[in-house]
Amino acid sequence: MAFQFNFSIEEKAENELETLGDMALQLESAQASLNPGGSTEKSKEISSEENMRKESLCAHEATPKTTDPVANCSPDKSQVQVLPKKQAGFKVVKEHNIPEDFRKVLENKVMDTVQGLSYVNISVVEMTLSNDSNEEDIVSKSISSHCDLITGIYEGGLKIWECTFDLMDYLSEAEMQFINKKVLDLGCGAGLLGILALKRKAENVHFQDYNHTVIDEITLPNVVANWTDGGGDGGISEPPSKKHKKADFIPALMSKCRFFSGEWAEFSQFLLNGNKPFSKYDLILTSETIYNPDYYSALHDTISKLLDKNGRVYLASKAHYFGVGGGVHIFEKFIEERNVFRTRTVKVIDEGLTRYIIEMTFKISS
């Protein structure tokens with residue numbers, strides 16, 4: 001469902017490639033007439049540039065189209081195209097206020113269900129955002145750039161990446177205990193990991209994503225939807241009295257939550273130096289956040305500052321992210337060099353591209 005604009009993008013890409021090909025042939029012909037002996041070498045350069053352009057324009061085709069609703073909301077982040085860092089901007093950390101009228105959060109939202117949890121239909125959100133003026137304007141930038149990630153501008157939070165489901169499965173299989181735990185859903189996107197923790201009686205759950213549009217349009221609505229109109233209960237209808245009690249419960253539930261957007265590098269300082277009381281997290285859950293090695297230092301520092309000394313991190317990732325350079329093995333090497341955490345592979349998923357669930361804990365000094 002995340003690829004509703006594929007037709008227009010592919011058509012534009014094809015036109016651009018045809019134009020580029022014509023220009024290359026004209027240039028090659030002109031240079032051949034001027035310098036017959038040097039035409040071969042220049043032709044190779046033009047061909048190389050054309051191939052690079054073709055790969056760039058067609059990178060969006062790496063994600064297979066499917067009618068499977070789960071697959072549609074979990075494209076393959078291992079092969080996304082990322083624009084260069086020179087286009088990056090700085091995202092100031094912001095805490096998002098929780099609306100007093102929770103009904104407004106779900107206005108104009110269409111809900112779907114996956115693994116027993118409700119979430120907003122992302123295609124509808126993308127369509128709405130593309131038609132409205134928006135400060136971040138991340139949808140139109142993503143479409144015009146043919147990119148699922150734009151470094152420093154948009155980090156993929158409008159999509160539900162497949163490793164999220166891997167980590168949800170693992171937390172269920174391992175019968176992970178959340179009661180009285182303080183939990184952070186780091187790089188939350190749709191917030192499904194944090195919502196799962198809330199449903200399992202976590203004491204507090206905080207949600208963080210790079211883009212404030214993602215928090216306002218995706219994360220917050222998803223949290224609210226899972227405690228209204230039977231959300232998250234498999235769509236089972238309930239008597240009006242139970243629905244009323246569930247609606248009354250939302251303010252108490254939301255008091256357990258905080259929502260943040262902005263840079264990882266500033267996030268920990270925002271919490272530790274803020275005016276509100278803060279206790280370090282017992283559990284940090286994060287999925288597909290190690291695709292770019294440029295972010296490893298900020299991610300490592302954020303976790304080391306915010307995780308309780310006896311806390312644990314559960315990280316879900318592809319073995320490797322093509323075109324970006326990140327992945328499990330290079331991240332584990334980075335962690336080993338920093339010598340702050342120990343890592344342990346707790347699950348390997350061999351379907352398709354190999355994926356991992358990694359547990360991180362502080363090393364205990366002797």
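Please read all numbers here as calculations on a predicted model, not as lab measurements.
Judged by distance alone, with hydrogens and angles left aside, the side-chain atoms of Tyr321 form a donor-acceptor pair with the main-chain N or O of Lys318 at under 3.5 Å. A donor-acceptor pair is defined here as one N or O able to donate and one able to accept, closer than 3.5 Å; such a pair exists between the side chain of Asp282 and the backbone of Lys182. A distance-only check finds a donor-acceptor pair linking the side chain of Thr219 to the backbone of Gly189 [under 3.5 Å]. A donor-acceptor distance shorter than 3.5 angstrom exists from the side chain of Asn222 to the backbone of Ala190, with no hydrogens or angles considered. No donor-acceptor pair closer than 3.5 Å links the side chain of Thr164 to the backbone N or O of Ser287. A donor-acceptor pair under 3.5 Å is absent between the side-chain atoms of Lys256 and the main chain of Leu198, judged by distance alone. The main-chain N or O of Met168 is found under 3.5 Å from a side-chain atom of Ser172 such that the two form a donor-acceptor pair. Counting only distance, with no hydrogens or angles, the side chain of Glu203 and the backbone of Lys201 share no donor-acceptor pair below 3.5 Å. Under a 3.5 Å cut-off, the side chain of Tyr295 and the backbone N or O of Ile290 do not form any donor-acceptor pair. Judged purely by atom type and a 3.5 angstrom limit, Asn211 has no side-chain atom pairing as donor or acceptor with the backbone of Thr213.
Ring centroid separation for the pair Phe341 and Phe362 comes in under the 6.0 Å cut-off.
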### Trace of the side-chain contact (heavy atoms from CB on, under 4.5 Å) decision for Ile335 with Tyr296
CA-CA 9 Å; Ile335 293 297; Tyr296 287 1; over 6 Å; no

#### Entry: Criterion salt bridge (Lys or Arg N to Asp or Glu O under 4.0 Å) on Asp301 and Arg338, from CA distance to verdict
CA-CA 10 Å; Asp301 292 348; Arg338 288 298 183 99; 3.5 Å; yes

### Chi angles and distances behind the side-chain contact (heavy atoms from CB on, under 4.5 Å) call for Leu306, Leu272
CA-CA 8 Å; Leu306 298 182; Leu272 295 172; 4.2 Å; yes

### Task
Apply the test side-chain contact (heavy atoms from CB on, under 4.5 Å) to residues Trp161 and Asp166: give CA-CA distance (whole Å), side-chain angles for both, the deciding distance (0.1 Å), then the verdict.
CA-CA 10 Å; Trp161 305 96; Asp166 293 335; over 6 Å; no

### Message
Please evaluate residues Phe165 and Ile349 with respect to the criterion side-chain contact (heavy atoms from CB on, under 4.5 Å), reporting the C-alpha separation (whole Å), side-chain torsions for both, the decisive distance (0.1 Å), and the verdict.
### Response
CA-CA 11 Å; Phe165 300 112; Ile349 302 96; over 6 Å; no

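Rounded to the nearest 0.5 angstrom, Asp169 CG and Gln115 CD are separated by 5.0 Å. Distance CG/Leu186 to CD1/Ile303: 6.0 Å, rounded to 0.5 Å. Here the OG1 atom belonging to Thr345 is positioned 10.5 Å from the CG atom belonging to Leu315, to the nearest 0.5 angstrom. In this structure, CG in Asp308 is found 10.0 Å from CD1 in Ile284, a value given to the nearest 0.5 Å. From Cys163, atom SG reaches atom CD of Glu288 across 3.5 Å, with rounding to the nearest 0.5 Å. Atom CZ of Arg200 sits about 9.0 Å away from atom CE of Met176, to the nearest 0.5 Å.
Taking every heavy atom of both residues into account, Tyr356 and Ala319 meet most closely at CE1-CB, 3.7 Å. Taking every heavy atom of both residues into account, Ile122 and Leu158 meet most closely at CG2-O, 2.7 Å. Smallest separation of non-hydrogen atoms from Ala298 and Ala265: CB-N, 4.3 Å. Contact between Gly187 and Asp209 at its shortest, heavy atoms only, is C-OD1, 3.8 Å. Nearest heavy-atom pair across Thr289 and Thr286 is OG1-OG1, 2.8 Å. Nearest approach of Ile357 to Ala316, heavy atoms of both residues: CD1-CB, 3.6 Å.
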Would you list the atom pairs, donor with acceptor, under 3.5 Å between side chains in residues 324-334 and any protein atom, with sequence neighbours excluded?
none

List, one per line, each side-chain donor-acceptor pair under 3.5 Å for residues 93-106, sequence neighbours excluded.
| from | atom 1 | to | atom 2 | distance (Å) |
| --- | --- | --- | --- | --- |
| Glu95 | OE1 | Arg258 | NH2 | 2.8 |
| Glu95 | OE2 | Arg258 | NE | 2.8 |
| Glu95 | OE2 | Lys276 | NZ | 3.3 |
| His96 | ND1 | Asp216 | OD1 | 2.8 |
| His96 | NE2 | Ser261 | OG | 2.8 |
| Asp101 | OD1 | Arg103 | N | 3.1 |
| Asp101 | OD1 | Arg103 | NE | 3.2 |

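Counting non-hydrogen atoms of neighbouring residues, nucleotides and ligands closer than 6.0 angstrom, the CD atom of Gln269 exceeds 12 such neighbours. Heavy-atom neighbours of Lys109 NZ from other residues, nucleotides or ligands within 6.0 Å: above the threshold of 12.
Between His212 and Phe259 there is no side-chain heavy-atom pair separated by less than 4.5 Å. At least one side-chain heavy atom of Val223 sits less than 4.5 Å from a side-chain heavy atom of Phe207. Looking only at side-chain heavy atoms (C-beta outward), Glu263 and Phe270 stay at 4.5 Å or farther from each other. Under the 4.5 Å side-chain criterion, counting only non-hydrogen atoms from C-beta, Lys347 is not in contact with Leu167.
At a threshold of 4.0 Å, the pair Lys159-Glu126 counts as salt-bridged, since one of the basic side-chain nitrogens sits closer than that to a carboxylate oxygen.
Residue pairs that meet the ring pair (Phe, Tyr, Trp, His ring centres under 6.0 Å) test with at least one member in residues 167-200, sequence neighbours left out, are Tyr170-Tyr314.
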